[in-house]
J.: 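Right, I'll just put the structure down here and ask away after.
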Amino acid sequence: MKTLNLRIFSIFFFIFTSTFSQKNYPKDYFQSPLDIPLLLSGTFGELRSNHFHSGLDIKTQQKEGFKVFSIADGYVSRIKISHWGYGKAVYITHFNGYTSVYAHLKKFSPKLEAYIKKHQYKKESFEIQLYPNTTELQLTKGEVIAYTGSTGGFVGPHLHFEIRDNQSRPINPMYFGITVKDDIKPSINTLMVYPIDSSSQVNKSNAALQLPFKKLNNGNLLANKISASGKIGFGINVFDRLNGALNKNGIYSLEMLVNGKQYYKHEVEKFSFAESKYINLLIDYERNANLKQRIQQCFIHPESKLSIYNQNPSKGYIDIKDGNSYNVEIIAKDFVGNTKKLIIPIQGKNDTIRIEKSIKKTPYFIKHKEFNKFSKDGVTIAFPKNTFYDDFFLDFKVENNEVLVHEKTKPLHKKYTLTFDVSNYPKEARKNLFIASYNSKGYPSYSKTVKKENTFYTSTKKLGEYTLLTDNEKPKLKLKNIKNEQWVTNYKKLVLKTSDNLSGIKSYRGEIDNEWILLEYNPKYGTLTYDFSDKKLVGSKHKLKVIVEDNVGNTNTLETTFYRKDN
């Protein structure tokens, strides 16, 4: 009882003091989650699609099956198993108030596996989310909780590892003494300059420019002198490497000084998941969409709610005055302090603008703080207030049910609705009809389609091309490692192959002798796997039945007989 009271006091003490302390994290409380040398393929705060990376991606030698350890005493507070995202993941709440997260796991320890499968069979679902109470799954420091894997979609073998605070905000795990060897400086590859308003210019251009630079003998970088006037901002493409790995990782901090005074700085110590989407205002979103290059901008968009920024009055914008000289330093650092500096000399000169920023005008203008709705040829698009972060001309085209909702060059804060009038389609044909979006390679994929009497609509955060497609083919389904009427007494697993070439797999169900079985779907390989150790089968002759359904309701059923004797 005394120990429990001490633990409760520790949690409340952490909650009380965490508000008033910053970067005061325990260095020796946690151990490593793996017992192999730590090499990283991803660092905390790295720029990802629409979010910051919330943990460390630890390499596992391109293999699965390494033991994963609880980094301290605690209890399992959450388990989530899904086909995508984190795959198989476990959350452990520790008695100092922090929570550790372990994701993309292959399987869990026997204690956890038994608990999870009990609930999966009760719910008759592979995908599941559980919240055990504080006494159900208690753990000690160094206890094996799982084994590394590659679950969660199209990911390679690694362990995604996080530490979160009592408000579920991920914190850089390196603050807790979980470090890797790193004596390599960040690498700056591209420098961009942005005239901010219509009267600003750099080298007589009102459009963004890529600026050349060279390496100095001391390792710093020096850009060619530019002439400018008005309000401007800078951005760089930068990455960091750690010892023993070739991965291009994220940096820890980015700072900009103007004539020795700090104009901009951000550090990725911690963040909330709610703010992570504002990464799209940190980067040059249009350049990333067009060139697949992330430029980190050294100025703060007015709509950004990121907490990683230092509060400088200038917000990173530089007001260049005619006749004045400026010396700009952009400084990139990794977590241990390795530094790369880029110097940009500027001469204030009020030149005539020769190159204007290109603006394509259309009949459809988005006022981002208002509700916007447009219709054309049986297609309607509706954008709630604050779907976007800026006002702009929207490119909206419709031709033979092929719809363009702008290029994928604008970030969205909310979903919008795309609606098709389907009254011209026979009612029978609508059953297999769905809304599809096209990816950058021109391949269609199912967009969740809500069907009303004469309209179909989808809610989405993707711009780009859409259309209506028909899927009349049932999913493919076949046995992979056994044959009909086969004895499988010595088999550990039963494996099937499934795929759907158009609308995609929506659901599946497996039964042996008319009882539900736990099939694990792997979207990367298109396999459905049953573990014979789940339960003993009675008798020797058994009936297998598996049903797979795609997103428009086409189904395929496989039935077969196999023989097996369980002792």
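Hydrogens, waters and symmetry mates play no part in the numbers below; they use all other heavy atoms, side chains included.
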J.: Is the backbone N or O of P411 less than 3.5 Å from a side-chain atom of K461, with the two atoms forming a donor-acceptor pair by type?
T.: no
J.: Okay, side chain of N481, backbone of K493: is any donor-acceptor separation there less than 3.5 Å?
T.: yes
J.: Just by distance, do the side chain of Q138 and the backbone of T134 share a donor-acceptor pair under 3.5 Å?
T.: yes
J.: Can you confirm if the NZ or CZ of K107 lies within 45° of the ring axis of Y147 and under 6.0 Å from the centre of its six-membered ring?
T.: yes
J.: With a distance cut-off below 6.0 Å to the six-membered ring centre and an angular limit of 45° from the axis, does K80 pair with Y91 as a cation-pi contact?
T.: no
J.: Using salt bridge (Lys or Arg N to Asp or Glu O under 4.0 Å) as the criterion, list what pairs up with E162, not counting sequence neighbours.
T.: R164
J.: One pair to check against side-chain hydrogen bond (donor to acceptor under 3.5 Å, both in side chains): N249 and E46. What are the steps and the verdict?
T.: CA-CA 7 Å; N249 301 124; E46 228 168 57; 3.1 Å; yes
J.: Short question: side chain of D240, backbone of I251 - any donor-acceptor pair under 3.5 Å?
T.: no
J.: Identify, with sequence neighbours excluded, every residue that meets ring-ring contact (aromatic ring centres under 6.0 Å, His included) alongside Y175.
T.: Y25, F335
J.: Pair N454, S423 - check side-chain hydrogen bond (donor to acceptor under 3.5 Å, both in side chains), show working.
T.: CA-CA 5 Å; N454 290 314; S423 58; 5.3 Å; no
J.: Please check: side-chain N/O of T93 versus main-chain N/O of Y75, any donor-acceptor pairing under 3.5 Å?
T.: no
J.: Go through it in stages, so that I can follow the logic: the residues are D35 and K67, the test is salt bridge (charged side-chain N to carboxylate O under 4.0 Å, His left out), and I'd like the CA-CA distance, side-chain angles, deciding distance and then a yes or no.
T.: CA-CA 8 Å; D35 60 0; K67 293 178 180 178; over 6 Å; no
J.: Looking at T529, is its backbone amide N or carbonyl O close enough to the side chain of T527 to form a donor-acceptor pair, meaning the two atoms are under 3.5 Å apart?
T.: no
J.: Where the side chain of D73 meets the backbone of K141, is there a donor-acceptor pair that is under 3.5 Å apart?
T.: yes
J.: The criterion is ring-ring contact (aromatic ring centres under 6.0 Å, His included); which residues satisfy it with H160, sequence neighbours excluded?
T.: H53, Y86
